[in-house]
Peer 1: 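Following this message is one structure expressed as structure tokens.
Below, read A as the first sequence line, B as the second, and so on, with proteins coming before strands; counting in each chain starts at 1. What you see is a predicted model, and the numbers here were worked out from it, not measured in a lab.
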Amino acid sequence: MEHYIDAWKHALASELNSLAESKGCAGLIFSDQEIIAERPPKPELGDIGFPLFVYSKKLRMAPRQIALELSERNAAGTFAPSPKDWPGEMVATGPYLNIFLDRASAVRNLLEFAQRVEWGSSDAFNGQKIMVEFSCPNTNKPLHLGHLRNNVLGESLSRIMKAAGAKVKKVNLINDRGVHICKSMLAYLAYGEGHTPADEGLKSDHFVGKYYVLFNKLKEEDPKAEEKAQTLLQKWEAGDPEVMALWKKMNDWAVNGILATYARQRVSFDEFHFEHETYKLGKKEVLDGLERGVFYRGEDGAIWIDLEELGLGKKVLLRKDGTSIYITQDIGTAIMRHETWPFDELVYVVASEQQYHFKVLFEVLKRLGYSWAERLYHLSYGLVNLPSGRMKTREGTVVDADDLIDELSELAAKEIAEKGRADAVGNLDSVSEEIALGALHYFLLQVSPIKDMLYNPEQSLSFTGDTGPYIQYMGARASSIIRKHEAGEGNASLGSISPSLFKGNADWTLARMLLELSTTIEQAAKNKDPSLLAGYAHALSSEFSAWYRDNPVLNNEDPNVSASRLEMVRVVKKSLRIVSELLCVPFLEAM
RNA sequence: GCGUUCGUAGCUCAGCUGGAUAGAGCGACGGACUUCGAAUCCGUAGGCCGCAGGUUCGAGUCCUGCCGGACGCACCA
């Protein structure tokens, strides 16, 4: 679609310039870029709309009058702006100039473009190196619903950026040190009796999480528990062999369990960074900044930055004793990352509660003189709640990631059995798991990232409505039609494909939507917002559903119609598959 | 208290850089299976876009104030 829009913007700009000249507005020139194009609110109004208000003042003409004159000139052939490869018709509608594209030509383009390898991608980011940091779990407990949103946002965004032409590197910083880890260790020492996850039949990260919760019990029994955790941390930092051995053991359990959840959720990373390796980074930069006068030493001996003028207050960057804090590490990690892989942009997918932290971090890096600090971006996302209420660690209402996927998968399996589809789907376990992931991921991505949201498990699994399974179902239906053809049903193989057969409104609505695929991907990438693509996925599915109801593909007398429609089904399937993958919704041939 | 952010149909959410009569899904009500999968589809009802000002030819969208919710305001991460 972008071809059409660009070509018509150009056409309109030159027509406006010609109009300006004839009106004696010397030197008045409109560039392609300043032309505003939009999609008319109703299909009857056209395919591309140009509101003319903005040119009105410069031309000293009413918008309606501009529209009229332009369309008259066009009709009279005085000016022939219809772009050769992207033909259409110009119609004045009040203060708007609307374009009706030539349908047969556009469908011909669609069928041809969809054959190319670059279908469903764009070059908007033109090889830019984009690093995306997401997930960043603590190794003292398993992942929960909030992580699932983070993971799918990061994974989906990475895929979208890649489809938009970027080189993407997905990174994960594992928070494997700190006092919270020591608490799990302390509780394990108190109650663990040397057990392993296998002994207790628990997934290894759940095993570690169990002891983290048990620390609360320890606190009640031992008033000095908190103090002991601090002591343990000091021993850890000193490299005490016994402490290190225990840490290593428990940490491996936690990390391995978390990796299993990633594999199950089908998210992956190109690089892992570990906080136990990075936590000392940044100290040098802070000291360096102190020398250069970017920071100052407070009366208390700690190193500070003053951001009062930005309304961000004052912030400690390095403790009095020279040890690092969270932000020190993030400063060092960002610099290390840029040195090893000079990115054009670094996106941090982190919950909105850390907005302040990132504002400070970006400002610090900017003041240290790193020009790339301008290209750091905090993709801030809201909390996920459940209809039953808020998730609170203390009240034990946190929804565990593994448990949730289990539950969804079981519900899907039950549904398949009830509908009598068990034989048709083949592998029941894997298909129900894929429906579960489709339901979960789509629901989480459907909402704009910044907003807090309500996750409704039952609704997400519905096969009707704006859901993942609905999109999977339409993909399966398209696949089913193609399968039937391959099995010899219908007469499509006797006919030939003819774009001019797609004349109806339903044909055109579907075709035009397909033409918008790469534009939508581009937009989602630019806005860093997968929900735009989710909306597209639903609209396309719904449009396809209405179309194939009224337009029999295989059961048709005319073989040319059958062949042509079958080709359209192929394009739909291909496009749905692409969109599904970008949204981390598994594509299913049958369900 | 200060800062950030959100407030659109009964519920959950769209609404691209300001543009034409504000859209979906769920739920409600009413319809459609001898024809490519009814896990679907079609139709109807349902809105002072939190409130009040302002900017503009034009505001759900931008600015200000107020009201309401969320989050943040550690030498934790």
Peer 1: What is the distance, rounded to the nearest whole Å, between atom NZ of A:Lys573 and atom C1' of B:C36?
Peer 2: 15 Å

Peer 1: Please identify each residue that fulfils salt bridge (Lys or Arg N to Asp or Glu O under 4.0 Å) with A:Lys9, with sequence neighbours left out.
Peer 2: none

Peer 1: Side-chain donor or acceptor of A:Asn456 under 3.5 Å from a matching atom on the base of B:C26?
Peer 2: no

Peer 1: Output yes if the stacking criterion (under 5.5 Å between centres, under 30° between planes) is met for A:Tyr96 over the base of B:A20, else no.
Peer 2: yes

Peer 1: Among B:C36, B:A14, B:G72, which nucleotide sits nearest the side chain of A:Glu353?
Peer 2: B:G72

Peer 1: Between atom CD in A:Gln355 and atom P in B:A77, what is the gap in whole Å?
Peer 2: 20 Å

Peer 1: Starting at the 5' end of RNA chain B and moving along, which residue's nearest nucleotide shows up first, A:Ala546 or A:Glu275?
Peer 2: A:Ala546

Peer 1: Would one find a side-chain N or O of A:Tyr381 under 4.0 angstrom from OP1 or OP2 of B:U5?
Peer 2: no

Peer 1: According to a cutoff of under 5.5 Å between the ring centres and under 30° between the ring planes, does A:Tyr356 stack with the base of B:G3?
Peer 2: no

Peer 1: Answer with yes or no whether A:Gln523 presents, from its side chain, a donor or acceptor under 3.5 Å of a partner atom in the base of B:C16.
Peer 2: yes

Peer 1: Just compare B:G15, B:G19, B:C75 and give me whichever is closest to any side-chain atom of A:Pro51.
Peer 2: B:G19

Peer 1: For atom P, what is the distance between B:G46 and B:G23, given to the nearest Å?
Peer 2: 14 Å

Peer 1: At less than 3.5 Å, do the side-chain atoms of A:Asp330 and the base atoms of B:A77 form a donor-acceptor pair?
Peer 2: no

Peer 1: Looking at A:Tyr279, does the NZ or CZ of A:Arg177 lie under 6.0 angstrom from its six-membered ring centre and within 45 degrees of the ring axis?
Peer 2: yes

Peer 1: Output yes when a side-chain donor or acceptor of A:Arg149 lies under 3.5 Å from a complementary backbone atom of A:Pro449, and no otherwise.
Peer 2: yes

Peer 1: Using atom C1' in both nucleotides, what's the gap between B:A14 and B:C49 to the nearest angstrom?
Peer 2: 13 Å

Peer 1: Less than 4.0 angstrom between a side-chain N/O of A:Ser352 and OP1 or OP2 of B:U4, yes or no?
Peer 2: no

Peer 1: I want to verify a distance call: between B:U5, B:C41, B:A20, whose nearest atom is closest to the A:Pro40 side chain?
Peer 2: B:A20

Peer 1: Looking at A:Lys57, does any N or O in its side chain come under 4.0 Å of the phosphate oxygens OP1/OP2 on B:C57?
Peer 2: yes

Peer 1: Whole-Å distance between B:C36 P and A:Asn556 CG?
Peer 2: 14 Å

